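As the structure is a computational prediction, the values presented were derived from the model and not from experiment.
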Amino acid sequence: FDLWYILRDGCMSHVHTTRHNTDCDIASFNLDQAHHLLHYSSTQTMAKLMRFEPFTSSADASFWHTLAQKKLSEFKLDESAHELWGAFSPGSSLDPVARLSLTATAFQPLDSQRKQQTNAALVRGVLHNANSLNSFKAFDMTSLARQTASAIGASIRDGSVLKDNSYLTQFCLFTFADLKKYNFFYWFAFPVMKPNTPLQFTALQSITHVLTADQQQELSRQTLALTSADRSTSCFVVDPSGDAVKVSALDSLTPDMFDQENLIFACIDASGSQDFAGWPVRNFIACLSFHGAAGKSIKIMCYRTKTLGGTADITASIVFTLTVPEFTLADEQSEACFTGFEKNSRKQLGPQTCNLSGTMDSTRLAESAVDLNLKLMRWRLAPAVNLEKVSATKCLLLGSGTLGCNVARCLLGWGVRYITFVDSGKVSFSNPVRQSLFQFEDCLEGGKPKAKTAAKRLKEIFPSVITRGESMMIPMAGHPVSDAQLPDTITAVDKLEALIDEHDVTFLLLDTKEARWLPTVVCAAKNKLCFTSAVGFSNYVSMRHGLVQPDTNAMSVGCYFCTDTTGPKDTLAKRALDQQCTVARPGLSFVASSHVVELLINVLHHPDGGLAPSSENGMHHHDTPLGNTPQQVRGDLMGFTSTGLSSKPFSMCTACSPPLRKAYLEDRDTLVRNALNVPGYCEQLSGLTASMADEFADDDFDWVSEEEEEGED
């Protein structure tokens with residue numbers, strides 16, 4: 001009968017191990033073990049097999065999100081162990097499942113964990129994250145669990161578990177994060193020690209049959225005070241002497257306590273089952289066994305609580321009476337003295353998956369995917385790339401045509417989140433095939449405004465981008481305005497200046513040279529970063545303008561106009577049709593756009609920023625983590641060449657020279673009106689006219705008449 005009873009309990013418990021673990025493994029149960037159990041049961045009349053509710057992992061979405069960020073920004077290719085913290089709360093009869101919870105705070109250090117206001121007990125953990133799915137599949141999870149079990153065994157041996165109970169219940173987690181699909185593969189193990197003989201109890205009582213209502217209330221109060229002071233406290237000793245109850249931390253444990261029949265050894269229990277003890281109780285018994293309880297009959301309390309009407313109710317707690325067996329504590333060489341692998345959804349030992357893509361907002365998924373591609377750069381190729389600085393840079397794009405569309409797409413690829421378009425035109429039928437943000441429908445009914453449409457299409461590509469379009473005409477030097485038009489012109493200047501002030505970087509991507517003049521002057525006067533890109537039929541230039549050097553008041557490098565000896569003027573009036581349109585090889589704008597954006601990225605990474613000196617062509621020493629910072633790049637598709645060049649600032653430049661900057665800051669409206677209406681005004685103001693006159697004065701040259709020249713021939 002005894003053999004049948006034990007075998008029945010063993011089989012029943014194994015059937016139940018689709019959800020519960022036991023000390024009796026039916027898969028390896030043989031006749032020798034049956035005889036052993038029969039002999040053991042003859043000395044433990046009416047004893048029943050003690051069963052335990054295994055932990056069920058409960059990692060919420062915030063944990064996986066944090067793991068993803070850690071993988072990208074911190075762990076990278078590191079597969080070594082990382083400290084992790086879980087927690088479990090006292091169980092209740094309302095929920096029998098024993099859950100180990102992991103949240104975003106799981107990666108915080110111990111000091112931060114202890115300061116959190118919660119009644120959940122801390123659990124130490126270790127995380128290993130694989131770099132590939134193949135590595136995950138090939139990993140030796142048993143070895144990792146053995147290391148964790150060994151750490152538990154060592155803490156029991158050296159007594160550290162008595163002072164810090166978080167050593168008693170530990171877990172290990174092995175993961176692989178597929179960040180492209182936001183799918184996480186994982187496997188938990190919660191190692192517990194195996195007793196040398198089966199764990200059996202002779203009595204199981206509700207706490208209501210062990211303690212009075214007043215004693216229960218006092219026990220609840222003292223336990224709350226003890227665990228609130230230190231979240232690592234999950235085990236304690238209860239002394240219900242008379243009507244009083246005294247609760248002591250486990251570090252007060254002495255061997256003679258096991259001879260005192262009134263003492264109860266309590267462990268916070270995550271399970272709410274009235275028949276099973278929680279998973280932490282098993283290692284708690286192993287700890288007591290090692291420290292003097294082996295062979296002695298003691299009471300073990302599974303401490304559980306729930307809140308009813310603002311009052312803690314511990315009536316779900318249960319008390320086992322058992323004779324404590326000996327345990328073989330795990331160490332590095334242990335093969336089979338521990339158990340505790342979590343089962344998957346098929347109730348088999350194996351990993352599980354958590355796919356968050358279906359529960360996440362699609363915009364958030366897009367952000368994660370963009371961040372993934374960029375942050376992978378920092379794993380091996382460019383660890384010093386400052387993606388946060390790039391992302392925060394506000395970019396103003398003057399021109400929403402071929403160059404403007406391509407620059408916007410390239411900035412988006414770098415993670416830039418703030419892009420504003422400015423253009424006065426409308427989408428025409430020739431635009432969509434060359435200008436990558438427009439579609440055929442944008443051309444219908446006279447065409448949609450380019451700037452606003454480009455912003456709309458960019459938002460459709462990446463919903464998280466902050467973008468808008470401003471439809472406005474930029475006043476152009478050499479293009480006269482009447483007195484009646486002047487107020488609107490000044491309003492446009494006000495708006496342009498406000499836009500440049502609002503943004504960190506301005507890109508000049510306009511069709512004509514004179515359209516670039518006013519933004520160049522504003523950026524120079526305001527000391528703002530400015531970049532230009534322009535294309536011809538097969539050649540292009542992408543360049544950065546300089547900033548004002550504080551010590552000299554000169555620009556750090558030249559601007560788009562510094563190589564000119566004439567001022568801006570109307571270049572549209574006498575153009576033929578082929579000159580009015582941008583006639584360029586279709587692939588050229590992509591090259592020019594990518595160069596001007598990459599030039600910005602390198603400047604952002606230079607320690608001097610916009611004041612960075614121009615890198616010399618062919619330099620082997622790189623100025624930034626991403627390479628050099630030339631002042632300009634010129635290329636030609638005829639020979640498939642590109643060259644980094646430098647133009648120095650021109651002291652009489654018609655756009656960025658000190659006289660122009662001063663005139664803009666002191667009397668902006670007069671400068672703009674005269675630059676538009678008075679031919680040669682910019683050259684005169686900058687000193688270029690006077691310089692040219694001096695250079696070609698009669699007293700400096702012997703002028704030769706045509707007659708004399710012909711006579712000499």
Side-chain angles (χ1 to χ4, degrees), residues 64-80 82 107 129-136 175-184 357 360 363-395 406-419 436 458 461-466 504-505 507 529 531 533 542 544 590-610 612 615 619-630 633 642 644:
W64 298 116
H65 286 307
T66 306
L67 173 59
Q69 294 303 314
K70 289 278 186 181
K71 172 65 176 175
L72 283 173
S73 305
E74 186 176 327
F75 300 164
K76 300 177 183 177
L77 297 172
D78 184 8
E79 291 187 338
S80 63
H82 300 279
F107 297 93
N129 186 73
N131 287 321
S132 68
L133 186 56
N134 286 339
S135 296
F136 179 83
T175 62
F176 166 65
D178 182 351
L179 299 184
K180 288 187 175 181
K181 300 178 180 178
Y182 243 71
N183 197 22
F184 299 88
S357 60
M360 290 177 62
T363 299
R364 178 71 183 89
L365 275 174
E367 289 180 1
S368 299
V370 171
D371 291 343
L372 169 64
N373 286 340
L374 291 170
K375 290 182 177 180
L376 290 179
M377 294 182 187
R378 297 201 288 208
W379 286 18
R380 302 180 198 261
L381 303 176
V385 170
N386 189 340
L387 297 174
E388 293 73 24
K389 184 175 184 179
V390 173
S391 175
T393 302
K394 298 180 178 180
C395 296
N406 291 339
V407 166
R409 294 296 296 264
C410 197
L411 288 171
L412 208 60
W414 264 108
V416 174
R417 296 290 198 268
Y418 199 109
I419 300 173
S436 58
L458 200 67
I461 293 168
F462 185 52
S464 294
V465 68
I466 301 171
D504 302 309
V505 181
F507 286 90
L529 280 175
F531 289 76
S533 189
S542 294
R544 60 185 173 101
F590 295 95
V591 180
S593 301
S594 63
H595 272 99
V596 76
V597 171
E598 296 298 331
L599 188 55
L600 164 67
I601 302 302
N602 282 22
V603 167
L604 292 177
H605 283 83
H606 195 284
D608 296 330
S615 305
M619 283 181 57
H620 296 292
H621 171 69
H622 293 167
D623 300 331
T624 77
L626 294 170
N628 293 331
T629 53
V633 179
S642 62

K.L.:
Between Ser533 and Phe507, is there a side-chain heavy-atom distance shorter than 4.5 Å?
P.N.:
no
K.L.:
Taking side chain as C-beta onward, heavy atoms only, is Lys76 less than 4.5 Å from Asn131?
P.N.:
no
K.L.:
Please report the shortest heavy-atom distance between Asn602 and Asn628, naming the atom on each side.
P.N.:
ND2-O, 2.7 Å
K.L.:
Mark yes or no for whether Ser594, through its side chain, and Val591, through its backbone, hold a donor-acceptor pair below 3.5 Å.
P.N.:
yes
K.L.:
If you look at every heavy atom in Cys395 and Val416, which pair is closest and at what distance?
P.N.:
SG-CG1, 4.0 Å
K.L.:
Would you say that Leu411 contacts Leu600 through its side chain, given a criterion of any heavy-atom pair below 4.5 Å between the two side chains?
P.N.:
yes
K.L.:
Contact between Arg409 and Ile461 at the side-chain level, heavy atoms closer than 4.5 Å - yes or no?
P.N.:
yes
K.L.:
Specify the closest pair of heavy atoms between Val385 and Trp414, including all atoms of both residues, with the distance to one decimal.
P.N.:
CG1-CZ3, 4.3 Å
K.L.:
Sequence neighbours excluded, which residues qualify as side chain to side chain donor-acceptor pair (under 3.5 Å) partners of Thr629?
P.N.:
Ser615, Asp623
K.L.:
Using side-chain contact (heavy atoms from CB on, under 4.5 Å) as the criterion, list what pairs up with Leu599, not counting sequence neighbours.
P.N.:
Phe531, Arg544, Pro630
K.L.:
For the atom pair CZ (Phe136) and OG1 (Thr175), what is the distance rounded to the nearest 0.5 Å?
P.N.:
7.5 Å
K.L.:
When rounded to the nearest 0.5 angstrom, what is the spacing between CG in Leu179 and CG in Leu67?
P.N.:
7.5 Å
K.L.:
Any idea how Phe75 and Phe107 line up, ring-wise: parallel (<30°), tilted (30 to 60°), or perpendicular (>60°)?
P.N.:
tilted
K.L.:
Quick one: list whatever passes ring pair (Phe, Tyr, Trp, His ring centres under 6.0 Å) with Phe462, sequence neighbours left out.
P.N.:
none
K.L.:
Using every non-hydrogen atom in the two residues, find where Ala130 and Lys71 come nearest and quote the distance to one decimal.
P.N.:
O-NZ, 4.1 Å
K.L.:
If you compare all heavy atoms of Asn406 against all heavy atoms of Ser436, which two are closest, and at what distance to 0.1 Å?
P.N.:
OD1-OG, 3.1 Å
K.L.:
As an exercise, state the distance from CD of Glu74 to NE2 of His82, rounded to the nearest 0.5 Å.
P.N.:
7.5 Å
K.L.:
Would you be so kind as to tabulate the donor-acceptor pairs closer than 3.5 Å made by side chains of residues 603-610, with sequence neighbours excluded?
P.N.:
from, atom 1, to, atom 2, distance (Å)
His605, ND1, Ile601, O, 2.8
His605, NE2, Asn386, N, 2.7
His606, ND1, Asp608, N, 2.9

K.L.:
To check you understand the geometry: which heavy-atom pair defines the closest contact between Ala382 and Leu626, and what is its length?
P.N.:
CB-CD2, 4.1 Å
K.L.:
About how many Å separate CD of Glu79 and OG of Ser135, when rounded to the nearest 0.5 Å?
P.N.:
5.0 Å
K.L.:
Would you say the side chains of Ser80 and Asp78 form a donor-acceptor pair under 3.5 Å?
P.N.:
yes
K.L.:
With sequence neighbours excluded, what pairs up with Trp64 under the ring pair (Phe, Tyr, Trp, His ring centres under 6.0 Å) test?
P.N.:
Phe184, Tyr186
K.L.:
The criterion is side-chain contact (heavy atoms from CB on, under 4.5 Å); which residues satisfy it with Ser391, sequence neighbours excluded?
P.N.:
Arg417
